[in-house]
Number of protein chains: 2
Amino acid sequence: MALRHAVLAALLDEELSGYQLTKAFDLGVANFWHALPQQLYAELAKLEQDGLIAGREVVQEARPNKRLFQVTEAGLAELERFAATATKPSFIRDDLLVKVQSADHVDTGALIAQLTERAAFAEAKIGLFDELLRKMRGDRSEQEYLRHGERIGPYLTCLRGLAFEQGNRDWCERAVTVLRERRSGSRPAVRTTVATQQPDGPE
Amino acid sequence: MALRHAVLAALLDEELSGYQLTKAFDLGVANFWHALPQQLYAELAKLEQDGLIAGREVVQEARPNKRLFQVTEAGLAELERFAATATKPSFIRDDLLVKVQSADHVDTGALIAQLTERAAFAEAKIGLFDELLRKMRGDRSEQEYLRHGERIGPYLTCLRGLAFEQGNRDWCERAVTVLRERRSGSRPAVRTTVATQQPDGPE
DNA sequence: AGGCCCATGTAATCTGTTACATGATTCC
DNA sequence: GGAATCATGTAACAGATTACATGGGCCT
């Protein structure tokens, strides 16, 4: 039950509509969580029912009306409670890693193409994060902002997002280099035969 | 539909039983994917039904019998096909980031405790990854292994896992430092009032 | 005697994804 | 005239987590 809290956390900084939330959680940034529009609209409805957020209608002329949501006192209390509970470690779950894991047995050309694409995607996100951090800092130095800036939460999660994407980019580039080098000195890929394991043998 | 392929990828290197697979996917390493035992047993059953893996019974005396699974030619073909499909980017989804995002509004003591715990967890995984990499390399240098080592796939995913956990550790430590410094120069946390947004106003 | 490791699952529930739906306005 | 943006959903399905179940052997 954490999307719930991710939405609350996102609404702490500013009042947002469902649509604006989807922008933050979808492509673009998604610093600290990711979710699709459908999930967000559903979650907003539940949160409002439970009194953790309050919505107010904003009538617009040129565009459809929208509802802006704000965290209530009860919502803040719920976040506080959540923040105090123990946190389970998070795990990697990435299709690209699965593909690279099988690099010895599949076509590396396809892998190289996908690693290159991912590196470019990571680079783009790095740019977005850099810009976001600069905006938050304004004219202050990072040192200064970390000590006294308001919104240290968003700043820190953004730093994690940045480092994560830098890690992605660097790894993808390295993997591409390695796979290319190996292809130039290529021998045909051979299916390795599995040794027969004896009952109760040493593991 | 990617757990399927993660299991296939894990079985490429060696024949494993369901139980042994759970060890690889659960705590411990989980270099490139994570899953619980129940999912794995279910997935193994489906994969066998579909002819992508083949199991053979190993009778044991001192322990319960087990079934070891091996990827079939059809399974390898399926992985090959999977590796050639486009890969969607993966996103962060971590409760700890959600908590840190709300750092300006919740008790930072609890956050510091959890960040410290996570840093320790990351450190432990770093140790495991280091050891795994050393084992794969044997007496060869990393340069040498990257160029000519067998099992480059597992080596590369392990490198990503290592970098990811180093990123976690570094970020957690930094966040702890920042939050501590701010606490020492502490003023009471104030609930910021949200500015009222006008219809069709600039966004 | 109690707890952990091996070994394998079922069942219920919760979460996330894919596909589909609607309708006005603004930009090219 | 067609695509993109704003704005909000419903329905069906796939994937993941939590809880529960079983049973022998080994270690302290």
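Atom-to-atom, CE of B:Met1 to P of D:dA16 comes out at 12 Å; the value is rounded to the nearest Å. Between the CD atom of A:Gln20 and the C1' atom of D:dG9 there is a distance of 17 Å, given to the nearest Å. Distance A:Lys23 NZ to D:dA7 C1': 10 Å, rounded to the nearest Å. Look at CZ on A:Arg63: it is 11 Å from C1' on C:dC27, rounded to the nearest Å. Taking atom CG of A:Leu40 as the reference point, atom P of D:dT10 lies 14 Å away to the nearest angstrom. When rounded to the nearest whole Å, the span between CG of A:Asn65 and P of D:dT8 equals 9 Å. Put simply, CD on A:Glu61 is 14 Å from P on D:dA7, counting in whole angstrom units. Rounded to whole Å, atom C1' of D:dT5 lies 14 Å from atom CG of A:Asp26.
Between D:dT18 and A:Lys88, a contact under 4.0 Å exists linking OP1 or OP2 to a side-chain N or O. An OP1 or OP2 oxygen of C:dT8 is reached within less than 4.0 angstrom by a side-chain nitrogen or oxygen of B:Tyr41.
Of the candidate nucleotides C:dA7, C:dT18, D:dA7, C:dT18 has the atom nearest to the side chain of A:Leu36. In the set D:dG23, D:dA7, C:dG16, the nucleotide with an atom closest to the side chain of B:Pro64 is D:dG23.
Nucleic acid contact class of A:Arg93 (heavy atoms, under 4.0 Å, all strands): sugar-phosphate only.
Partner of B:Phe129 under the side-chain contact (heavy atoms from CB on, under 4.5 Å) criterion, out of B:Gln166, B:Arg134, B:Arg160, B:Glu165: B:Glu165 alone.
When the shell of 6.0 Å around CD of A:Glu123 is examined, it contains more than 12 heavy atoms from other residues, nucleotides or ligands.
A side-chain donor-acceptor contact under 3.5 Å links A:Ser17 to the backbone of A:Gln20.
Note on the helix from C:dA1-D:dT28 to C:dC28-D:dG1: terminal axis deviation equals 40°, with five pairs used at each end and the result rounded to 10°.
Place B:Tyr19 and B:Ala42 on DNA chain C by their nearest nucleotides, and B:Tyr19 ends up nearer the 5' end.
Note: A:Phe91 and B:Phe121 have perpendicular aromatic rings, judged against thresholds of 30 and 60 degrees for the angle between ring planes. Between B:Phe164 and A:Phe164, the two ring planes are perpendicular [angle over 60°; tilted spans 30° to 60°].
Remark: B:Arg137 pairs with B:Glu142 by the salt bridge (charged side-chain N to carboxylate O under 4.0 Å, His left out) rule, at least two apart or across chains.
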Inset, instruction - Give the intermediate values and the outcome of side-chain contact (heavy atoms from CB on, under 4.5 Å) for residues B:His34 and B:Asp26. - result: CA-CA 6 Å; B:His34 172 255; B:Asp26 199 41; 4.0 Å; yes
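B:Gln39 contributes no side-chain N or O that forms a donor-acceptor pair with the base of D:dT17 under 3.5 Å. For D:dT18, its base sits under 3.5 Å from the side chain of B:Gln38 at one donor and acceptor pair at least.
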